[in-house]
Amino acid sequence: MSREPDGLAELLPQWHRLRDAQQGEPLRALLAVMAEQLDLVRSGVEQGYEDLFVETAAPWVLPYLGDLVGYRTLPGYERSEMGVPPAGGWGSVLTTGLRGGSSAALTEAVAPRRDVAATVANRRRKGTLHLLEELSERVADWPARAVELSRHVSHHQPVKLYRTGGSGGDRRGSRGRTVDLRDNSALDLAGGPFGAVARSVDVRRADSRHRQGGWSPAGVGLFVWRLKSYSLTSSPAYCVDRARNLYTFSILGNDTPLVTKPVPEPSPTHIATIDNVPAFIRRRQLHDRLADYYGPGKSFVIRRDGEDRPVPPSDIVVADLSDWRYRPKRGQVAVDPELGRIAFGARTAPRKGVWVDYHYGFGADMGGGEYVRDREPRPDAEFYRVGPGETYRQIMDAYRAWQNDRRAGRCGPEGIIEITHSGAYQEQLDFDLDPGDRLELRAAEGARPVIRLLDWYSNRPDALNIRAVSEDCPPGERPRIVLDGLLVAGRGINVTGPMGAVVVRHSTLVPGWSLEPECDPHSPEEPSIVLERTTACLQVEHSVLGTIEVIGDEVSEDPLDIHLRDSVLDATADDREALSAPDCRHAHAVLHLHRTTVIGEIHTHVVRIAENSIFTGRLHVARRGIGCVRFSYVPTGSRTPRRHRCQPDLVGSEQAARVRPLFTSQRYGTPWYGLLADRCAEEIRRGAEDGAELGAFHDLYRPQREDSLRARLAEYTPAGTDAGIFFVT
């Protein structure tokens, strides 16, 4: 598009413009076409100047700038959208084979701009530990700690050269010292990246892909954290039913380990400590450094009885609360960071509740959370804010106000109910929508509200009900609802009537409705979403949810469209139905899956497209002649449409037992939920069309980041050094 389509026409004398207007402005149209071409030339000249600098150059120019200083492109760059020069001239970019957003993310993963910019500076610092840590952050976006493993190898020292005052990992003290059984703090960190206890030599190489070693005179280890630290602010703690003085940090009642809030490193030459990485907090560590982790703005804080002032550190006692055996004394508050549990004294139990700020670990920005979510501006929508200090205290109060304004003509069809804090809402939610309504129930930025659907009624279901009021609604006027940034527990969502789109975005519909302490589902066979005699098009993006059940008329109604992207559909077991109709019949639905992990079986009418996805249970479709499954894992014995480069088809029946998805955890509530294990077959870890892993965490590009980090580690470690990557999380 021309930046000034009438720029040339405005330069004409007024007499020519008047004559041109009398004849239908053909001259203005011709000059507009010429101006568009001039703008393209001008933009090309400006971009050519910007391409001289690495900070402003186009992505495809970066390898050419790097080639001037001998920059080596990382593995996988040729598969990204910038791996080849753009067709149609150097001022444009041709993207083929990949969707736009994923291709840009892949390009950033395998060719980060800051890696090219720092090439010369990195060579000057080659062989230093802090450079290796910077490479991990710059290339793979993973925090890391570099350790000279040779200093952790136990060896004999001459008496004359023996130095005291340090442990095996301390550069200022003795090296290779044997373990001190009286040093509990050192024993607690033994075997990890911050351990100071020496061990015997291990002749296996640190970069071995079979069994890592590295504890040798030439060993260097780069310990990497792949889980991220996510915060929760002013979240209500969960009171254990059998005792009013026992709580869990998680509002779902499950055990969740606490994670440190990473502190930025003070200087580029600083070697990372446990405070600079998202590490799990251990009991001994918290006992020794309570003031560093507890308090406002730190890793966690506890408030009770509605007070703004937190529980003082002098009242905090670190204890092992397994089986709740520990009994705190009067005035004490026992905390177990490894289980995420809190115990008050029996006589000083809170009367008005407990609120906590804490950090938990997870793999990606998925499900309900306080992370930043991309949203389009909605200038035409009317806002109704819910929360402390806002106009409305309950969700239904805001909904009724919007409904009244809408029917009275005081606002348009666009309405947004925004929850401004991470509290819990325990109310019966019934949304009856009129034709043309566009309602969005969402969390504000930096908030993760919890909707707890309780057992309110004994004679009918207690789900979150979404209903279309009018039965005779034209397709263009069907109401639409969006749920964004929420965590829904206790019950599911029930959709009925002639609805339009039902969008679930960056939300969690707890699989199994709620959790037991060990993260087992409370009601594993109950659905998270029931589409009952409705025309709704279900769209799920970056979310976690349980079973979807479709109830409808298969004869007179068209099948429903169900779209899932970058999400986890969890039936809580591989042999349970993740999508079906009642009695395990085929759901009258057309399924579209993109980068999705399905835990359970799928029984549906049609699968239009399933790509880069994982099915842990059998996939069974009624109509095999429609649709395609590509670059996915489908268990043996499934009935599917035509398949393209799927596993285990490519390896044959002999290798089918080996090539299957292995997860670190399949229980929602654990930090490793849904992540593929490192021992998973490479055909699954790199089975996507762009070489990434299959499933919901495809866009993390973990295989590409690992390859890039290994390439840079081999380039910037001294010759003869045995360097390897050790994944802590």
Side-chain angles (χ1 to χ4, degrees), residues 368 381-387 390-408 411 413-419 423-443 449-473 477-505 507-510 513-514 523 526-540 545-546 548-552 560:
E382 191 73 19
F383 278 79
Y384 299 82
R385 291 182 170 83
V386 179
E390 301 294 343
T391 307
Y392 306 98
R393 301 300 298 271
Q394 298 292 328
I395 297 175
M396 288 304 295
D397 294 340
Y399 167 71
R400 295 187 187 97
W402 169 74
Q403 200 173 42
N404 293 333
D405 293 343
R406 164 85 167 117
R407 293 174 178 175
C411 68
E414 304 279 344
I416 296 179
I417 300 176
E418 187 173 77
I419 306 175
Y425 292 84
Q426 302 172 127
E427 52 181 309
Q428 181 66 33
L429 300 181
D430 293 308
F431 298 126
D432 297 325
L433 303 178
D434 296 326
D437 284 352
R438 300 292 185 267
L439 177 62
E440 181 174 352
L441 176 61
R442 75 184 193 185
V450 178
I451 298 177
R452 297 188 66 203
L453 303 174
L454 306 180
D455 190 5
W456 294 99
Y457 303 102
S458 60
N459 60 349
R460 66 181 180 90
D462 298 287
L464 191 160
N465 295 305
I466 301 173
R467 294 184 290 260
V469 175
S470 176
E471 293 294 336
D472 299 325
C473 183
E477 293 295 322
R478 288 172 180 170
R480 168 190 174 97
I481 188 169
V482 178
L483 305 179
D484 187 357
L486 309 176
L487 188 148
V488 181
R491 295 292 186 275
I493 298 176
N494 192 9
V495 182
T496 58
M499 290 288 300
V502 176
V503 182
V504 180
R505 180 190 306 132
S507 297
T508 299
L509 309 181
V510 179
W513 285 2
S514 188
S523 304
E526 299 296 338
S528 288
I529 297 181
V530 177
L531 303 173
E532 183 176 2
R533 295 175 178 85
T534 181
T535 60
C537 172
L538 179 63
Q539 302 175 18
V540 181
L545 71 160
I548 301 175
E549 187 176 278
V550 179
I551 304 173
L560 305 180

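Values below: all heavy atoms of this structure, side chains included; hydrogens, waters and symmetry mates excluded.
The shortest distance between side-chain heavy atoms of Ile493 and Leu483 falls below 4.5 Å. Here the side chains of Leu453 and Val488 are in contact, with some heavy-atom distance below 4.5 Å. For the pair Ile395 and Ile419, the minimum side-chain heavy-atom distance is below 4.5 Å. Taking the side chain as every heavy atom from C-beta outward, Phe431 and Met396 approach each other to under 4.5 Å. Side-chain contact between Tyr399 and Val386 is absent, with no heavy atoms from C-beta onward closer than 4.5 Å. Considering only heavy atoms from C-beta on, Pro449 comes within 4.5 Å of Leu486 through its side chain. Proximity of Gln428 to Asn465: side-chain heavy atoms (C-beta onward) are separated by under 4.5 Å at one or more points.
Remark: Arg393 pairs with no residue by the salt bridge (Lys or Arg N to Asp or Glu O under 4.0 Å) rule, at least two apart or across chains. Residues meeting the ring pair (Phe, Tyr, Trp, His ring centres under 6.0 Å) test with Tyr392, sequence neighbours left out: none. The side chain to side chain contact (heavy atoms under 4.5 Å, CB included) test applied to Thr391 returns no partner, not counting sequence neighbours. Scored by the salt bridge (Lys or Arg N to Asp or Glu O under 4.0 Å) test, Arg400 finds Asp397 as partners (sequence neighbours excluded). With sequence neighbours excluded, the residues that form a salt bridge (Lys or Arg N to Asp or Glu O under 4.0 Å) with Glu440 are Arg378, Arg442. In this view, Asn404 and Arg410 satisfy the side chain to side chain contact (heavy atoms under 4.5 Å, CB included) rule, not counting sequence neighbours. Judged as a side chain to side chain contact (heavy atoms under 4.5 Å, CB included), and not counting sequence neighbours, the contacts of Ala536 are Val495, Met499, Val502, Thr534. Residues meeting the side chain to side chain contact (heavy atoms under 4.5 Å, CB included) test with Glu382, sequence neighbours left out: Tyr384, Cys411. Remark: Arg406 pairs with Asp437 by the side-chain hydrogen bond (donor to acceptor under 3.5 Å, both in side chains) rule, at least two apart or across chains.
Across every non-hydrogen atom of Pro413 and Gly436, the tightest pair is CB-O, 3.2 Å. Across all non-hydrogen atoms, the minimal contact from Pro479 to Pro435 is CD-CA, 4.5 Å.
Atoms CG and CD1, on Leu538 and Ile529 in that order, are 4.5 Å from each other to the nearest 0.5 Å. The structure places CZ of Arg533 at 12.0 Å from CG of Leu560, a figure rounded to the nearest 0.5 Å. Note: Ile416 CD1 to Arg385 CZ = 8.5 Å, rounded to the nearest 0.5 Å. How far CG of Leu433 is from CZ of Arg438: 10.0 Å, rounded to the nearest 0.5 Å. Rounding to the nearest 0.5 Å places CD1 of Ile417 at 13.5 Å from CG of Asp484. Atoms CG and CD, from Leu441 and Glu418 in turn, are 10.5 Å apart once rounded to the nearest 0.5 Å.
Under the 3.5 Å distance criterion, the side-chain polar atoms of Ser514 are left unmatched by any main-chain donor or acceptor of Ala489.
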*Given the rule in the side chain to side chain contact (heavy atoms under 4.5 Å, CB included) test, do Leu545 and Val504 qualify, once you have shown the distances and angles that lead to the verdict?*
CA-CA 9 Å; Leu545 71 160; Val504 180; over 6 Å; no
*Let me see the working for Leu487 and Val510 under side chain to side chain contact (heavy atoms under 4.5 Å, CB included), right down to the final yes or no.*
CA-CA 7 Å; Leu487 188 148; Val510 179; 4.0 Å; yes
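A side-chain hydrogen bond (donor to acceptor under 3.5 Å, both in side chains) with Arg467 is found for one member of Asn494, Asp432, Thr496 and no other, namely Asp432.
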